[in-house]
Amino acid sequence: MPGQIPVVDYLVLGDPPHLQARMCAQCDALYFDRRNACAHCGRRDFTWKALASTGQVRGYTQVHRAAPSVPVPYISAIVELDGGGVVKANLLDAQLDDITPGLTVTMTTFVAGVDDDGTEAIAFGYKPVKEQG
Amino acid sequence: MSSGDIWIIGASMTPFGRHDDKDLIDLAAESALDALGDADVTINDIDILTMGNVYEANSHNGQRLQKQIGQTGIPVYNVVNACATGATALRVALLSIKAGESDIGLAVGVEKMGKGGLIGGAAKKRDARKVYNPSGRYGSVLKTEGILGTGIMPGVFAQAGTEYALAHGVTATHFAKVAQKNHAHSVLNPLAHYRKEFSLDDILNADVIAFPNTLPMCCPNTDGAASVVVVSDAKLKTMDPDVRRRAVKISASVLTSDPWVEGGQVQPDVSTLTRNAAAAAYEQAGVGPEDLDLVELHDCFATAELIHYDNLGLCEPGGAGDFLDSGAPWRDGKTPVNVSGGLLSKGHPLGATGIANIYEVATHLRGEAGERQIAGAKIGLTHVIGLASACAVHILEAGVS
């Protein structure tokens, strides 16, 4: 059975998969990258925070022209997560017309590539939460 | 006694466009010599040279320029600050004068953009064997562009625009109207890269680069240079009356960088640093947005211009769509914006852009803008933003020295 690896280390392939951020111990600012200090308050102590899998689309675009290695078109979205944190990812299973102010989305994962050992790179994206009815 | 004011006494810009027959130094020399001539001085009069350039910034271009136009032994500062490079070069010269180290400075900005543009080139050829190993600050195992959204410029500025659209109800047509205006304006500018009008339909139906930005809503790849000569108040008083008559006062010069905001690590926040720069500039100059006769702002993409109406205080908060619909930013409107054609049509040679904006406003304040002159212009504002992230705002006033 092939192994799996997250495309970025802030994606945790647990059950369920979720994002985690480094959180400043002083001011609660959140970061996805390895930190030297907090860009908000300058402190150097961090804890981990698991982020929510749901949020609202704050901004978006549909990219049609990109470098040759990038398949187009795709929708890029900035998602404001419930309970804190802002993330950029692809919006999946959606059309431009679906995007309205406050659109609620939920995280999903997909295979973004496979290496020569058969290891799958798992990426994340967001899809709209369809209203029941 | 010196008032401490700094004045522009010479300004120039090369035609913007493709200059395949000229190298970087040819373009820089052309604009530098034109600015010196415009100021009625020579390189021998200059106390400090600052050189702005992005893509060849490790080539000591200031010194290369001196070897072409005059090696006088003065200090040279090679400056790079993304798209705010030219404006930053001007500020370095200005700060030297304010510090009392220099009386007269020459600031040059230049860029040869090539054909790659702002969407990036082909990926590097991979090694024969592909094995995923986390690397870099995010522990990534592959290139995430296009997988975890987009970070390239058309997409970043598109997302900044749609964020404003979702919050304030502007539409794709509003953004297209920005491009319609700037392309129409450029028809009057003999130095612009493009001088062609587009209808709203042409713009909306053109190839999409990053929605809502279509091709005519993105700045072209452009080569060019621009230069200014700046002097202290005391120095200006010693100069020829004709030079003094044409002098333009720099009433405010401000540079900011990104303050921390939530989410700024994943999507550059082009608004907060612009708002901060504008507020500081209005205070420094003692004028408000209602006093401006023209504005040259950083329309690298049509989506950027619309949000900067709001960021620069040209409209009510959230009112950029109404401001545009009212006709205010057209050349015959209340606050003409980018009457040069802007970056969208005039072109955007990164290192030159900040000084080119200064050139445009100064030329109007001198009453020398020809067909595109804004009649009676007395006060103007220039704005550039470079990712990630620098914002320069200058306020210029027609001089009475």
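Reckoned from all heavy atoms, side chains included, excluding hydrogens, waters and symmetry mates. Because the structure is predicted, anything quoted here is derived from the model rather than measured. Proteins come first, then strands; the chains are lettered A, B, ... in the order of their sequence lines, and each starts at number 1.
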**Asked** Would you say Thr162(B)'s side chain and Tyr60(A)'s backbone share a donor-acceptor pair under 3.5 angstrom?
**Response** yes
**Asked** Given the options Arg34(A), Arg35(A), Glu80(A), which has more heavy-atom pairs under 4.5 Å with chain B than any of the others?
**Response** Arg34(A)
**Request:** Against chain B, work out which of Val63(A), Leu30(A), Val57(A), Val8(A) has the most heavy-atom pairs shorter than 4.5 Å and name it.
**Result:** Val8(A)
**Fill in**
Residue from Gly59(A), Cys41(A), Gly102(A) scoring the most non-hydrogen pairs under 4.5 Å with chain B is Gly59(A)
**Message:** Determine whether a donor-acceptor pair (N or O, by modelled atom type, separation under 3.5 Å) exists between the side chain of Ser76(A) and the backbone of Gly149(B).
**Reply:** no
**Item:** Per-residue contact mode, Val72(A) against chain B (heavy atom under 4.5 angstrom)
**Value:** neither
**Message:** Can you tell me which portion of Tyr31(A) sits under 4.5 Å from chain B's heavy atoms? Options are side chain, backbone, both or neither.
**Reply:** side chain
**Message:** Angle between ring planes, Tyr138(B) versus Tyr10(A), binned at 30° and 60°: parallel, tilted or perpendicular?
**Reply:** perpendicular
**Fill in**
Most heavy-atom pairs under 4.5 Å with chain B, out of Ala121(A), Pro71(A), Ala112(A), belong to Ala121(A)
**Asked** About how many Å separate CG of Asp115(A) and CZ of Arg129(B), when rounded to the nearest 0.5 Å?
**Response** 7.5 Å
**Asked** Glu120(A) versus chain B, heavy atoms under 4.5 Å apart: side chain, backbone, both or neither?
**Response** backbone
**Prompt:** Side chain, backbone, both or neither: which part of Glu145(B) has a heavy atom under 4.5 Å from chain A?
**Reply:** both
**Prompt:** Between Ile147(B) and Phe110(A), does a side-chain contact (heavy atoms from CB on, under 4.5 Å) hold up when you go through it step by step?
**Reply:** CA-CA 10 Å; Ile147(B) 293 170; Phe110(A) 62 95; 4.1 Å; yes
**Distance in Å, Leu103(A) CG paired with Leu166(B) CG, rounded so as to fall on 0.5 Å steps** = 9.0 Å
**Asked** At a heavy-atom separation under 4.5 Å, does Phe32(A) approach chain B through its side chain, its backbone, both, or neither?
**Response** both
**Message:** With a 4.5 angstrom heavy-atom cut-off, is it the side chain or the backbone of Ile78(A) that approaches chain B, or both, or neither?
**Reply:** both
**Asked** Is any NZ, NE, NH1 or NH2 atom of the basic residue among Asp9(A) and Arg137(B) found under 4.0 Å from an Asp or Glu carboxylate oxygen of the other?
**Response** no
**Item:** Contact class of Val70(A) relative to chain B, heavy atoms under 4.5 angstrom
**Value:** side chain
**Options Val86(A), Asp33(A), Leu96(A), ranked by heavy-atom pairs under 4.5 Å with chain B, top entry** = Asp33(A)
**Complete:** All heavy atoms of Ile152(B) vs all of Arg65(A), minimum pair found to be CD1-O, 4.1 Å
**Prompt:** What pair of heavy atoms forms the shortest contact from Gly146(B) to Asn90(A), and how long is it?
**Reply:** O-ND2, 2.8 Å
**Message:** Around atom CZ of Arg44(A), are there more than 12 heavy atoms from other residues, nucleotides or ligands closer than 6.0 Å?
**Reply:** no
**Request:** Please tell me if the side chains of Ile5(A) and Pro134(B) come closer than 4.5 Å, counting only heavy atoms from C-beta onward.
**Result:** yes
**Prompt:** Which distance, rounded to the nearest 0.5 Å, do you find between the CD1 of Ile209(B) and the OG1 of Thr61(A)?
**Reply:** 10.5 Å
**Fill in**
Highest number of heavy-atom pairs under 4.5 Å with chain A among Pro259(B), Ala210(B), Gly169(B), Pro212(B) belongs to Ala210(B)
**Message:** Counting heavy-atom pairs closer than 4.5 Å to chain B, which one of Gly125(A), Ala123(A), Ala29(A) comes out on top?
**Reply:** Ala29(A)
**Item:** Proximity breakdown for Asp207(B) and chain A, heavy-atom pairs closer than 4.5 Å
**Value:** side chain
**Message:** Is Leu11(A) close to chain B through its backbone or its side chain, or both, or neither, when contacts mean heavy atoms under 4.5 Å?
**Reply:** neither
**Message:** Heavy-atom cut-off 4.5 Å, strictly under: side chain, backbone, both or neither for Ala39(A) against chain B?
**Reply:** both
**Asked** Any donor and acceptor pair, going by atom type alone, linking the side chain of Lys88(A) with main-chain N or O of Thr150(B) inside 3.5 Å?
**Response** yes
**Asked** With only heavy atoms counted, which part of Pro6(A) is less than 4.5 Å from chain B, the side chain, the backbone, both or neither?
**Response** backbone
**Request:** Could you tell me the separation between the OG1 atom of Thr214(B) and the NE2 atom of His64(A), rounded to the nearest 0.5 Å?
**Result:** 11.0 Å
**Fill in**
When rounded to the nearest 0.5 Å, the distance separating SG of Cys38(A) from CH2 of Trp260(B) is 7.0 Å
